[in-house]
Structures are given as C-alpha cells and as structure tokens.
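Taking it in order: structure first as structure tokens, then the write-up.
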Amino acid sequence: MPLNRSDLPTDVLALLSQGTVIPAHPLALDASRQFDRRRQRALTRYYVDAGAGGLAVGVHTTQFSIRECGLYATVLEAAMQDRLAWSDRPMAMIAGLCGPTAQARGEARTAASLGYHAGLLSLAALAGSSEGALIAHCEAVSEEIPLIGFYLQTVVGGPVLSSDFWRRFALIPNALAIKVAPFNRYRTIDVVRGLVDARAEERVFLYTGNDDHIVLDLALPFAAMREGAPVQVRFRGGLLGHWSVWTSSAVKQLAAIKAELAANGGVLSPGLLALDSRVTDCNAAFFDVANNFHGCIAGCHEVLRRQGLLEGIWCLDPAEGLGPGQAEEIERVYRQHGDLGDDAFVRGNLSRWLA
C-alpha cells in the first residue's frame, strides 16, 4: 500500500521536525566481498546506542551497487530487523531510492513494505533531464512513500537545480524533507529560497548533507525574502555519510548546538562555531577530498575498521579503496582531532554489538 506522510507515526514525525542525527549506513563485507551479516548487525546496534535518531539505508554510503548484486531488499530488511530487535525507541528509517522512475517506484514500494518511513531520492540517473521532467519523476515516486529530496553535489553526478525546482518539490503533498548536499553556499541558498517561496518551511524539513559546513549549517539561521520581509529557516538536523563514523560524538555536537542556541537566544559561542572547521578537516580526510572523493566510502570504512566494527575496508567494487595519501590523512586527523572521536565508546560496547 502507498505510504503518505499522514500515515507516519507521530513520534517519528516529531523527531524529524525537532531535528536529529541520521547516519548513512555503510555495508559490511568480508574478505570475499560477501555480505557480512554479523558486522552489519553490529553497525546498526552501534548507531542505535550512539543515539542516532534514524538510519539511512541503501544510500551512497551503503554502495549503490547493492542493487546490481541483488542485496537491496536484503540490506534494508537487515537494518530494520536489527534496529527493532535492539531498541523500541522511535527512529526515522529512510531508504535510498535511485534510478529511472519505474526502478525508484519499485524501490519505494519495497521500502514501504519493510516499514521504512521515507525515501531519499537521488536524481543522478536523470541528471540530463529538464526540471519539469525531474519534478514529474519526484511526483510519481512520492505516490509510493514520503520523499526526502536530495541536492547531490555535481562532482558525484548530481544535477544543478534552481530555486524554482525546490519550490515545486516543496509543493508536492508527500514531500517530507530535503537533504541539502551540493557542497556549495549559493546552491544551498537556492534550496532555502525555494522552500520559502513555497511557504513550506514548517512542513518540509531541511537536513544538511553539506559535509564541508556541517556545524555552521546546524548553527546559523538562513533567511530568504518573501513579500518584502525576511523569513528565517534553520536546518533541523543532518543526514550524512560523515556521521557513519564517530556517531556518538555527532549526537553530542548536535545536542550542544541546540542547547546553546536555546540558552543564548539563537547565538552560538565562538568556541562552538570554531568546531565547524575542525569537523570539516576531519571530513576532508574521511571523504578523500584531495583525490576528488575517490575514497569517500573506503575512508569511512577505515575509521570503522580501526575501531573494530568492520573487519576490513572492502567495497563491492574492487577498484574502490583509499585514495593516495588518504591513510596518512586519517592518521593525522586522529592525532589532531581525536577528541572529536568516539573510540572509547566503541571499545566499551564492541563485544556486545558483535555478540
């Protein structure tokens, strides 16, 4: 049956509205590049115990090629089963959707049948289409499941989208949120403008995917003009591949930002604002910015391997691995920013998660 946002549990909708940490769930493989069910379960348990408010599964960090390998439904079902078996607290479960309209609708039906609450819709496969065609695609997929729009950066295949596109997207009745991840201030503001033009700023939630400005996106108000007056909009939380590592620290960072904003009338201290550059420096290493994001998945795997959550950094594609110099950059980040990590938290729970 199609799923509408009005069908969502009120506690899940409230969680998304208030803002939360949603890590993009990696794929655990063994040395033969086969699905490692035990370590996949351990990852899910880690995110739940770290305090994540949701999980994004079947997305880029999970590796899009799970579809060609016949693992899409398997991986989505595993995350749902393991999350429900580990905790009964509310969590927003989000499934990655991609491909042409028929494929994306089929994936949406699969996700809804497994109990997922929303679909994060990648437009990369239709990057050469007109904005009208892209909106028609979004509308068709939204007939199956509430949608989270995805402004994907162009370097990994995302199309450039105007503020009018985002206005039209925000007007879709089953639109739930937008993951803003163009890694570009101008294009981020285009999303804000579109949302405000649609008068949807209270109904469609903004989540940052801008790994180069995570803290600032969460800390600063954005303003767009409507009828001669500024309308302020804030990012509620984040849906990030970066948050697949050091997740319990990310939860604490978001909580600290929210607490300080509430206590100081929406103003953050210089110390907390300065955290933005440190988190971005970590992301540059984890996402292999120096090599144009070649090792962005393997870099996150490497952090999880160091912690013992993954056995190795294997990806489905043997050509995917750490970029030149990336291992040294991750080591540098550990030396300089290790206090932002959560290795002690993982050490204290790892045996339980792997049991």
Side-chain angles (χ1 to χ4, degrees), residues 9 11-12 15 20-59 61-63 66 71 73-95 114-117 237-256 282 286 297-315 330-331 333-334 337-355:
D11 49 8
V12 169
L15 184 66
T20 192
V21 167
I22 304 177
H25 203 309
L27 179 70
L29 299 175
D30 61 22
S32 300
R33 302 185 194 275
Q34 299 299 306
F35 185 40
D36 188 333
R37 186 70 180 82
R38 174 171 171 254
R39 289 187 180 272
Q40 190 77 3
R41 181 183 299 113
L43 284 174
T44 302
R45 291 172 172 179
Y46 162 53
Y47 298 130
V48 173
D49 284 356
L55 293 174
V57 189
V59 294
T61 303
T62 323
Q63 300 176 53
I66 58 171
L71 285 174
T74 299
V75 171
L76 262 62
E77 185 174 18
M80 181 61 76
Q81 288 178 346
D82 296 339
R83 164 264 181 282
L84 291 172
W86 199 244
S87 172
D88 60 2
R89 68 176 174 85
M91 292 183 71
M93 297 297 289
I94 297 161
L114 293 171
Y116 280 74
H117 302 116
L239 195 169
L240 294 151
H242 179 90
W243 279 353
S244 69
V245 302
W246 293 2
T247 311
S248 68
S249 295
V251 170
K252 293 174 183 175
Q253 289 165 14
L254 179 59
C282 294
F286 299 161
I297 295 175
C300 294
H301 286 188
E302 172 61 12
V303 177
L304 297 169
R305 183 202 64 79
R306 291 175 64 128
Q307 293 180 314
L309 281 157
L310 291 183
E311 186 181 0
I313 67 169
W314 307 291
C315 297
I330 293 173
E331 182 63 35
V333 159
Y334 257 88
H337 305 298
D339 59 307
L340 301 182
D342 65 355
D343 287 19
F345 170 70
V346 174
R347 278 196 303 271
N349 291 279
L350 184 59
S351 60
R352 190 168 59 92
W353 297 330
L354 286 169

Once rounded to the nearest 0.5 Å, what's the spacing between atom [atom1] of [X] and atom [atom2] of [Y]?
X: Ile22; Y: Leu15; atom1: CD1; atom2: CG; result: 7.5 Å
X: Trp353; Y: Thr44; atom1: CH2; atom2: OG1; result: 11.5 Å
X: Leu55; Y: Thr247; atom1: CG; atom2: OG1; result: 9.5 Å
X: Thr20; Y: Trp243; atom1: OG1; atom2: CH2; result: 8.0 Å
X: Leu29; Y: Gln40; atom1: CG; atom2: CD; result: 8.0 Å
X: Cys315; Y: Gln63; atom1: SG; atom2: CD; result: 4.5 Å

Between [X] and [Y], which heavy-atom pair has the shortest distance, and what is it?
X: Ser87; Y: Val48; result: CB-CG1, 3.5 Å
X: Ala52; Y: Val251; result: N-CG2, 4.0 Å
X: Ala79; Y: Tyr116; result: CB-OH, 3.6 Å
X: Leu114; Y: Ala73; result: CD1-O, 4.0 Å

Is [Y] close to [X] at the side-chain level, that is, under 4.5 Å between some pair of heavy atoms?
X: Arg39; Y: Leu304; answer: no
X: Tyr47; Y: Met91; answer: no
X: Ile297; Y: His301; answer: yes
X: Pro23; Y: Leu240; answer: no
X: His25; Y: Val75; answer: no
X: Arg41; Y: Gln81; answer: no

Just distance, no hydrogens or angles: give the donor-acceptor pairs under 3.5 Å from side chains in residues 307-314, sequence neighbours left out.
unit_1 : atom_1 : unit_2 : atom_2 : d
Gln307 : NE2    : Asp342 : OD1    : 2.8
Gln307 : NE2    : Asp343 : OD1    : 2.9

* Asked: Where the side chain of Arg352 meets the backbone of Arg45, is there a donor-acceptor pair that is under 3.5 Å apart?
  ->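 Such a contact is absent between Arg352 side chain and Arg45 backbone.
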
* Asked: With distance as the sole test, does Arg38 use its side chain to make a donor-acceptor pair with the main-chain N or O of Leu354 at under 3.5 Å?
  ->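 It does hold such a pair.
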
* Asked: Hey, what's the ring geometry for Tyr46 with Phe345, parallel, tilted or perpendicular (30° and 60° as the breaks)?
  ->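 Tilted: the ring planes of Tyr46 and Phe345 meet at 30° to 60°.
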
